[in-house]
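Written out below as structure tokens is the structure these notes cover.
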Amino acid sequence: MVLQDDVIFITGATSGFGKACAIACAKMGAKVIITGRRKERLAELGEILGKSAHVLELDIRNKQQVFEQIKNLPAEFSKITVLINNAGLALGLGPADEASLDDWETMVDTNIKGVLYATNAILPGMVQRNSGHIINMGSIAGTYPYPGGNVYGATKAFLKQFSLNLRADLLGKNIRVTNIEPGMVKTEFSEVRFKGDAQKAETVYAGMTPLSAEDIAETVLWCLSRPRHVNINSIEIMPVEQAFSAFAVSRKS
């Protein structure tokens with residue numbers, strides 16, 4: 001099987017992209033370390049994946065916990081070959097002057113610091129073994145601004161540049177780095193953004209066909225399964241029914 005020699009560490013595996021990636025990678029023969037804060041959901045996914053999975057209850061925002069948990073992995077899961085930095089979220093869609101500072105800090109702690117902690121804990125082992133692949137789950141929001149995107153878009157722009165700089169630092173060390181940049185995907189993303197308002201979240205996808213978590217998992221699998229001398233730097237992926245708008249202009253009457 002394509003990924004039978006891989007041990008894949010996935011953050012935010014309790015739903016959406018992370019869960020879909022865990023299932024897809026396990027089907028392709030990989031061992032997967034599934035992490036997240038929601039214990040019951042992790043247990044359910046662990047049951048589905050069976051012996052191919054190691055369940056790790058983990059808050060990616062907790063630096064000490066991240067390093068301790070990774071250091072104490074069971075031997076058969078300790079040599080991580082792939083890191084999928086998936087855990088992330090958006091909170092709120094209001095203008096910056098009305099935004100909650102707590103929401104901003106939560107996005108920074110999860111989307112930026114969580115990525116840094118997992119990468120810093122796992123990358124040295126990859127370098128030592130002269131092999132590895134880091135996949136960062138970015139967003140088109142890291143390239144294209146939109147009203148209300150403010151700090152969320154900024155965190156994804158950080159991820160895009162961090163991915164490119166990792167590539168520069170890791171030249172000659174046989175480690176691949178990929179930034180996946182999805183557009184509209186129907187997961188729990190909007191429900192989280194609107195703090196549990198499912199009705200409001202549903203309006204985001206009304207009248208169109210968004211991407212699915214499985215679409216993104218298939219994209220991740222494609223990147224992972226390229227020949228070892230091939231690095232996919234970034235992939236921007238959007239539904240057909242999503243495109244670009246003209247620049248906004250504020251006009252005086």
Side-chain angles (χ1 to χ4, degrees), residues 1-36 38 41-58 60 66 69-88 114-115 117-138 163 166 170 173-180 182 185 187 212-235 237:
M1 301 177 83
V2 176
L3 304 180
Q4 63 183 355
D5 297 324
D6 283 305
V7 177
I8 302 178
F9 190 99
I10 306 172
T11 68
T14 56
S15 65
F17 302 161
K19 182 178 180 180
C21 285
I23 293 171
C25 290
K27 283 182 179 178
M28 297 304 291
K31 291 186 176 74
V32 292
I33 302 164
I34 53 173
T35 77
R38 292 178 284 191
R41 288 197 181 191
L42 278 176
E44 290 173 3
L45 182 56
E47 287 291 325
I48 293 170
L49 300 177
K51 293 181 180 179
S52 63
H54 177 67
V55 175
L56 205 61
E57 187 180 353
L58 177 66
I60 199 67
V66 170
Q69 294 272 37
I70 291 172
K71 182 180 179 180
N72 294 314
L73 284 167
E76 64 269 30
F77 288 91
S78 62
K79 295 181 180 179
I80 297 167
T81 61
V82 177
L83 166 61
I84 301 179
N85 279 315
N86 166 72
V115 169
Y117 298 157
T119 302
N120 192 260
I122 291 170
L123 183 56
M126 291 182 174
V127 172
Q128 186 178 23
R129 292 186 293 274
N130 195 40
S131 179
H133 196 160
I134 296 172
I135 291 185
N136 291 325
M137 201 61 68
S163 301
L166 282 175
L170 295 170
K173 297 180 181 177
N174 204 33
I175 295 172
R176 303 190 289 183
V177 183
T178 301
N179 191 40
I180 307 291
V185 188
T187 62
S212 68
E214 289 71 27
D215 292 328
I216 304 305
E218 287 181 14
T219 303
V220 169
L221 276 184
W222 182 80
C223 293
L224 290 174
S225 61
R226 294 310 87 206
R228 293 297 178 179
H229 69 285
V230 176
N231 188 89
I232 307 301
N233 294 328
S234 64
I235 290 184
I237 174 171

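Because the structure is predicted, anything quoted here is derived from the model rather than measured. Hydrogens, waters and symmetry mates play no part in the numbers below; they use all other heavy atoms, side chains included.
The two residues Cys223 and His133 come nearest to each other via the heavy atoms O-CE1, 3.7 Å. In plain terms, the two heavy atoms of Ser163 and Asn136 that are nearest each other are OG-ND2, 2.9 Å. Nearest approach of Ile34 to Ala13, heavy atoms of both residues: CB-CB, 3.8 Å. For the residue pair Arg176 and Arg226, the shortest heavy atom distance occurs at NH1-O, 3.2 Å. The two residues Met126 and Thr81 have their closest heavy-atom pair at CE-O, 3.6 Å. When all heavy atoms are compared, the tightest approach of Leu42 to Gly36 is CD1-O, 3.3 Å.
The structure places CD1 of Ile180 at 8.5 Å from OG of Ser234, a figure rounded to the nearest 0.5 Å. Between Ile33 atom CD1 and Leu58 atom CG the span is 10.5 Å, to the nearest 0.5 Å. Atoms CG and OG1, from Leu166 and Thr178 in turn, are 11.0 Å apart once rounded to the nearest 0.5 Å. Here OG1 of Thr219 is found 8.5 Å from CE of Met137. Values are rounded to the nearest 0.5 Å.
With Phe9 as the partner, the side chain to side chain contact (heavy atoms under 4.5 Å, CB included) test is satisfied by one option alone out of Val32, Ile70, Ile134: Ile70.
By the salt bridge (charged side-chain N to carboxylate O under 4.0 Å, His left out) test, Arg41 is found to be paired with Glu188, residues two or more places apart in sequence or in another chain being considered. Not counting sequence neighbours, Thr11 has no partner by the side chain to side chain donor-acceptor pair (under 3.5 Å) test. Residues meeting the ring pair (Phe, Tyr, Trp, His ring centres under 6.0 Å) test with Tyr117, sequence neighbours left out: none. Scored by the side chain to side chain donor-acceptor pair (under 3.5 Å) test, Asp215 finds Ser212 as partners (sequence neighbours excluded).
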Legend entry - Verdict with reasoning, Asn85 to Thr119, per side-chain hydrogen bond (donor to acceptor under 3.5 Å, both in side chains): CA-CA 8 Å; Asn85 279 315; Thr119 302; 3.1 Å; yes
Legend entry - Audit row: Leu170, Leu123, side chain to side chain contact (heavy atoms under 4.5 Å, CB included) steps and yes/no: CA-CA 10 Å; Leu170 295 170; Leu123 183 56; 4.0 Å; yes
Inset, instruction - Please assess Thr35 against Gln69 for the test side chain to side chain contact (heavy atoms under 4.5 Å, CB included), listing each intermediate value before the final yes or no. - result: CA-CA 10 Å; Thr35 77; Gln69 294 272 37; over 6 Å; no
Legend entry - Residues Leu73, Ile80; criterion side chain to side chain contact (heavy atoms under 4.5 Å, CB included); working and verdict: CA-CA 10 Å; Leu73 284 167; Ile80 297 167; 3.8 Å; yes
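Two residues are said to be in side-chain contact when any heavy atoms from C-beta on lie closer than 4.5 Å; Leu221 and Val2 fail this criterion. Proximity of Val66 to Ile60: side-chain heavy atoms (C-beta onward) are separated by under 4.5 Å at one or more points.
The local environment of CD in Glu76 is crowded, with over 12 non-hydrogen atoms from other residues, nucleotides or ligands closer than 6.0 Å.
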For residues 49-56, run the donor-acceptor check on the side chains, cut-off 3.5 Å, and write out each pair with its distance to 0.1 Å, sequence neighbours left out.
{"residue": "Ser52", "atom": "OG", "partner": "Leu49", "partner atom": "O", "Å": "2.8"}

Taking only distance into account, with no hydrogens and no angle test, what donor-acceptor pairs under 3.5 Å do side-chain atoms of residues 14-31 form with protein atoms, sequence neighbours excluded?
{"residue": "Thr14", "atom": "OG1", "partner": "Arg38", "partner atom": "NE", "Å": "3.3"}
{"residue": "Thr14", "atom": "OG1", "partner": "Arg38", "partner atom": "NH2", "Å": "3.0"}
{"residue": "Ser15", "atom": "OG", "partner": "Arg38", "partner atom": "NH2", "Å": "3.1"}

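In this structure, the side chain of Asn86 does not engage the main chain of Ile10 through any donor-acceptor pair within 3.5 Å.
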